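Notes for the one structure printed next.
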2 protein chains.
Amino acid sequence: MKRRNTPTKEAVLDVLITTGKAMSQDAIEREIDININRATIYRVLNRFCEDGILHRIVAEDGKQYFAMCINCDENPKPLYHFHFRCIKCETIECLPKEVNFSLPKDYLIENVNCVLSGVCKDCSQLAI
Amino acid sequence: MKRRNTPTKEAVLDVLITTGKAMSQDAIEREIDININRATIYRVLNRFCEDGILHRIVAEDGKQYFAMCINCDENPKPLYHFHFRCIKCETIECLPKEVNFSLPKDYLIENVNCVLSGVCKDCSQLAI
DNA sequence: TTATTATTGCGAATATGTTGCAATAATATG
DNA sequence: CATATTATTGCAACATATTCGCAATAATAA
């Protein structure tokens, strides 16, 4: 199943690149100027995840967030990194901090989903 | 708002104690012999969380899971510990492993939600 | 025993995410 | 350039998780 280039895919990637953070489907939809169907956005996001272009984070709000893989911006992130979700501005960012864990014997690891939440520096300074 | 003792609350706690793992609303409902309304179970669980009796984990499936706080069983867990979700048996257990993280300056931490997923030892050995 | 009010059940509402299907459009081929 | 192939889209419907309003019930206090 060969992939095709579509305005939708470009628009979605664009938003994620310029924002530089992890975004949910509705946030992405809000940011895109052209009108794109909800289901289509999900399908595009899922395909990007399959292709290793995006990674998916599930936050404590139970929602899925999507972010560019590894080299979101200048500083490369370790494979399994922490994420920070700001409860004020509702954005999620990848932290350049690796998740260190060890599993008891006979456990097989498949995925890591670590989200810290609180108030990000921008919002905490606004509060002053 | 003073809390009252009800059969529902007892039943829910009972299941969580005997299972010793984190369970979702539907898993709890399945395990309880008496009939309890879905909404009621959620309310009971939420109240227990408010009261610090249970803690809430959100897994990659976007669902909420609830587990006894800290001293789920004999071995006490650190405040912020990892959780392991088995994709075979669909259970979540608290790992006695503390989450070590550090935040950039001016970030305020509020909550930590770390879930590793894969195959637990019981299920990985079944596969052999 | 009675009054107060926390708790429950029920139904409906909300939100997130997925899916089937027909229509559209990106790419490859002649 | 014209056409065939099929990936992608839009739409509506669906599935599931969780919450909420409201009236009825029941736990506790008096």
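Only a predicted model underlies this, so the values are computations on that prediction, with no experimental measurement involved.
- Between B:Y42 and D:dT19, a side-chain N or O to OP1/OP2 separation shorter than 4.0 Å is absent.
- Residue contacts for A:S24: at a heavy-atom cut-off of 4.0 Å it reaches no nucleic acid atom on any strand shown.
- Summary of the strand contacts: B:N5 and A:A39 both lie near DNA chain C, and taking for each the nucleotide with the nearest heavy atom, the more 5' one is attributed to B:N5.
- Nucleotide D:dA27 holds its C1' atom 5 Å from the CZ atom of B:R4, rounded to whole Å.
- A sub-4.0 Å separation between OP1 or OP2 of D:dG10 and a side-chain N or O of A:T40 is present.
- Between the C1' atom of C:dG9 and the CD atom of B:E29 lies a distance of 12 Å, rounded to the nearest Å.
- Heavy atoms only, all atoms of each residue included: B:Y80 and B:E110 are closest at OH-O, 3.8 Å.
- One atom, CE of A:M23, and another, C1' of C:dG17, lie 18 Å apart when rounded to the nearest Å.
- In this model, no side-chain donor or acceptor of A:R43 finds a partner on the base of C:dG17 within 3.5 Å.
- The side chain of B:T8 places an N or O atom within less than 4.0 Å of a non-bridging phosphate oxygen (OP1 or OP2) of C:dT8.
- Across D:dT18, C:dT16, C:dG20, the shortest atom-to-atom separation from the side chain of A:R38 is found for C:dT16.
- Between C:dA28 and A:K2, a contact under 4.0 Å exists linking OP1 or OP2 to a side-chain N or O.
- With B:L16 as the fixed residue, the side-chain contact (heavy atoms from CB on, under 4.5 Å) test singles out one of B:T19, B:V12, B:T18, B:D14: B:V12.
- Between the CZ atom of B:F66 and the P atom of D:dA17 there is a distance of 13 Å, rounded to whole Å.
- If you take CE on B:M68 and CG on B:L13, they are separated by 5.5 Å, rounding to the nearest 0.5 Å.
- The CG-P distance, from A:D61 to D:dT18, rounds to 12 Å in whole Å.
- Between the side chain of B:S124 and the backbone N or O of A:D106, at least one donor-acceptor pair lies under 3.5 Å.
- Using a 4.0 Å cut-off, no side-chain N or O of A:R3 falls inside it from OP1 or OP2 of D:dA7.
- Remark: the backbone N or O of B:L95 is not paired with any side-chain donor or acceptor of B:H81 at under 3.5 angstrom.
- Atom-to-atom, CD1 of B:I36 to C1' of C:dC10 comes out at 15 Å; the value is rounded to the nearest Å.
- Taking only side-chain nitrogens and oxygens, B:R47 comes nearer than 4.0 Å to OP1 or OP2 of C:dT8.
- Atom C1' of nucleotide C:dG17 and atom CD1 of A:I28 are separated by 14 Å, given to the nearest angstrom.
- Distance, B:I41 CD1 to C:dT7 P: 16 Å, rounded to whole Å.
- At the heavy-atom level, B:N35 lies under 4.0 Å from the strands shown only through sugar-phosphate atoms.
- Nucleic acid contact class of A:D26 (heavy atoms, under 4.0 Å, all strands): none.
- A salt bridge is absent between B:R85 and B:E93: the closest approach of a Lys/Arg side-chain nitrogen to an acidic carboxylate oxygen does not fall below 4.0 angstrom.
- Both B:K63 and B:N37 lie near DNA chain D, and the one whose nearest nucleotide falls closer to the 5' end is B:K63.
- Within the 4.0 angstrom heavy-atom criterion, no nucleotide atom of any strand lies near A:Q25.
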